[in-house]
Amino acid sequence: MAKRLREKTAKRRENKDTRPFATARYIRMASSKAKRVLDLIKGKSFVEACAILDTTPSTASLVVKKVLVSAGANAEANKGLSRDLLFVSEAYANQGPSFKRVSFRGRGGVDTIIKRTCHITIILDSSAKN
């Protein structure tokens, strides 16, 4: 039993993705709004993506820029990569849990208000490898 677990752990470590990334979880925003902004920066260089997010007039761009800068800091601190060589390899927003609230209406009725959350992940890669 222990041997099988060690083998599975070794295989998992072997296949682990080593690219620098950052994740923001439980962001109070619908994932569709974040996806619109993330589509703008996919495949762009780190510096160009920061410039795009600075000029984008969306509430989601503030959160996405924070995640992007965090991923860049992770690349510098943990992997020793320069920000000039980085580009946005993957960027996606997954749906998180939804808060359900009620609004009382006339004649004893109730409307359900769904406050959505999302998880934003940005994975960077070095262009020196390519």
Side-chain angles (χ1 to χ4, degrees):
M1 180 77 165
K3 180 180 178 185
R4 195 177 114 247
L5 289 176
R6 279 194 298 271
E7 289 172 355
K8 283 175 69 175
T9 304
K11 192 169 191 172
R12 200 177 305 119
R13 282 190 185 136
E14 178 182 307
N15 295 334
K16 184 180 177 189
D17 193 5
T18 59
R19 297 179 293 179
F21 72 97
T23 304
R25 301 185 70 207
Y26 305 107
I27 302 298
R28 283 290 306 272
M29 175 184 311
S31 61
S32 58
K33 293 179 183 180
K35 285 177 187 177
R36 268 187 248 140
V37 175
L38 290 171
D39 287 341
L40 295 173
I41 64 168
K42 282 182 189 171
K44 304 282 195 292
S45 70
F46 179 83
V47 177
E48 188 179 353
C50 283
I52 289 170
L53 292 174
D54 282 337
T55 58
T56 304
S58 171
T59 309
S61 65
L62 301 172
V63 179
V64 170
K65 178 152 192 230
K66 196 172 183 179
V67 178
L68 180 66
V69 169
S70 176
N74 289 342
E76 281 186 337
N78 301 336
K79 306 290 182 191
L81 301 171
S82 172
R83 287 188 182 195
D84 299 331
L85 299 175
L86 296 174
F87 70 96
V88 180
S89 165
E90 295 177 39
Y92 52 89
N94 296 329
Q95 186 174 348
S98 299
F99 300 128
K100 293 180 178 75
R101 302 290 183 259
V102 294
S103 175
F104 298 105
R105 306 304 301 224
R107 298 174 57 195
V110 171
D111 278 348
T112 304
I113 300 169
I114 300 174
K115 300 187 177 217
R116 300 187 185 277
T117 63
C118 68
H119 308 308
I120 300 172
T121 303
I122 295 180
I123 301 175
L124 301 177
D125 207 352
S126 176
S127 58
K129 293 179 190 176
N130 299 335

Quiz item: Does the side chain of Val67 come within less than 4.5 Å of Ile27's, by heavy atoms?
Solution: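 A side-chain contact under 4.5 Å is absent here.
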Exercise. Kindly indicate whether the side chain of Ile122, heavy atoms from C-beta on, has any atom under 4.5 Å from the side chain of Val64.
Key: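 In contact.
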Measure across [X] and [Y] and return the closest heavy-atom pair with its distance rounded to 0.1 Å.
X: Ala60; Y: Ala34; result: CB-CA, 4.1 Å
X: Ala30; Y: Arg116; result: CA-CB, 4.2 Å
X: Ser61; Y: Val37; result: CA-CG1, 4.0 Å
X: Met29; Y: Val63; result: CE-CG2, 4.1 Å
X: Asn74; Y: Pro20; result: C-CB, 4.5 Å
X: His119; Y: Tyr26; result: ND1-N, 3.1 Å

Reported [atom1]-to-[atom2] distance for the pair [X] and [Y], which is rounded to 0.5 angstrom:
X: Leu124; Y: Leu85; atom1: CG; atom2: CG; value: 12.0 Å
X: Ser32; Y: Gln95; atom1: OG; atom2: CD; value: 9.0 Å
X: Ile113; Y: Ser103; atom1: CD1; atom2: OG; value: 4.5 Å
X: Thr9; Y: Arg4; atom1: OG1; atom2: CZ; value: 10.5 Å
X: Asn78; Y: Thr18; atom1: CG; atom2: OG1; value: 12.0 Å

Practice problem: Considering only NZ, NE, NH1 and NH2 on the basic side and carboxylate oxygens on the acidic side, decide whether Asp39 and Arg36 come within less than 4.0 Å. | Solution: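 A salt bridge is absent here (no side-chain N lies under 4.0 Å from a carboxylate O).
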Quick one: hydrophobic cluster around [X], which other residues, with the 4.5 Å side-chain cut-off, linked directly or via members?
X: Leu62; value: none
X: Val69; value: none
X: Ile123; value: Phe21, Tyr92

Quiz item: Are any side-chain N or O atoms of Thr55 and backbone N or O atoms of Ala51, one a donor and one an acceptor, separated by less than 3.5 Å?
Solution: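 A pair under 3.5 Å: yes.
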Self-check item: Any donor-acceptor N/O pair, Thr56 side chain to Ser58 backbone, under 3.5 Å
Solution: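 No; zero donor-acceptor contacts below 3.5 Å.
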Quiz item: Partners of Phe104 by ring pair (Phe, Tyr, Trp, His ring centres under 6.0 Å), sequence neighbours excluded?
Solution: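 Partners of Phe104 under the ring pair (Phe, Tyr, Trp, His ring centres under 6.0 Å) test: none.
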With sequence neighbours left out, what residues match [X] under salt bridge (Lys or Arg N to Asp or Glu O under 4.0 Å)?
X: Asp84; value: none
X: Glu48; value: none
X: Arg13; value: none

Self-check item: Pair Arg19, Ser89: side-chain N/O donor-acceptor within cut-off below 3.5 Å
Solution: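 There is such a pair (donor and acceptor under 3.5 Å, judged by atom type) between the side chains of Arg19 and Ser89.
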Self-check item: Any pair counted as ring pair (Phe, Tyr, Trp, His ring centres under 6.0 Å), so long as it reaches residues 32-82, sequence neighbours left out
Solution: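 Matches after skipping sequence neighbours: none remain.
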Quiz item: Tell me, which pairs form a ring pair (Phe, Tyr, Trp, His ring centres under 6.0 Å) where one or both residues lie in residues 55-79, sequence neighbours left out?
Solution: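 Sorted result for residues 55-79: empty, none.
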Quiz item: Between Lys65 and Asp54, does a side chain to side chain contact (heavy atoms under 4.5 Å, CB included) hold up when you go through it step by step?
Solution: CA-CA 8 Å; Lys65 178 152 192 230; Asp54 282 337; 3.0 Å; yes
Quiz prompt | Residues which pass side chain to side chain contact (heavy atoms under 4.5 Å, CB included) with Lys3, listed by chain and number, not counting sequence neighbours | solution =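 With sequence neighbours excluded, Lys3 shows a side chain to side chain contact (heavy atoms under 4.5 Å, CB included) to Arg6, Glu7, given in chain and number order.
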Practice problem: Could you list the residues that satisfy side chain to side chain contact (heavy atoms under 4.5 Å, CB included) with Lys66, not counting sequence neighbours? | Solution: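 Result, side chain to side chain contact (heavy atoms under 4.5 Å, CB included) vs Lys66: none returned.
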Practice problem: Check the hydrophobic clustering (I, L, V, M, F, W, Y; side-chain heavy atoms under 4.5 Å; chains of links allowed) and say if Ile52 and Leu68 are grouped together. | Solution: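 Hydrophobic grouping puts Ile52 with Leu68.
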Quiz item: What residue pairs, at least two apart or across chains, pass salt bridge (charged side-chain N to carboxylate O under 4.0 Å, His left out) with a residue in residues 95-106?
Solution: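 Residue pairs with at least one partner in residues 95-106: Arg105-Asp111.
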Quiz prompt | Atom NZ of Lys115: over 12 foreign heavy atoms under 6.0 Å | solution =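 No.
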Quiz item: Can Glu76 and Leu86 be said to form a side chain to side chain contact (heavy atoms under 4.5 Å, CB included), step by step?
Solution: CA-CA 10 Å; Glu76 281 186 337; Leu86 296 174; 5.8 Å; no
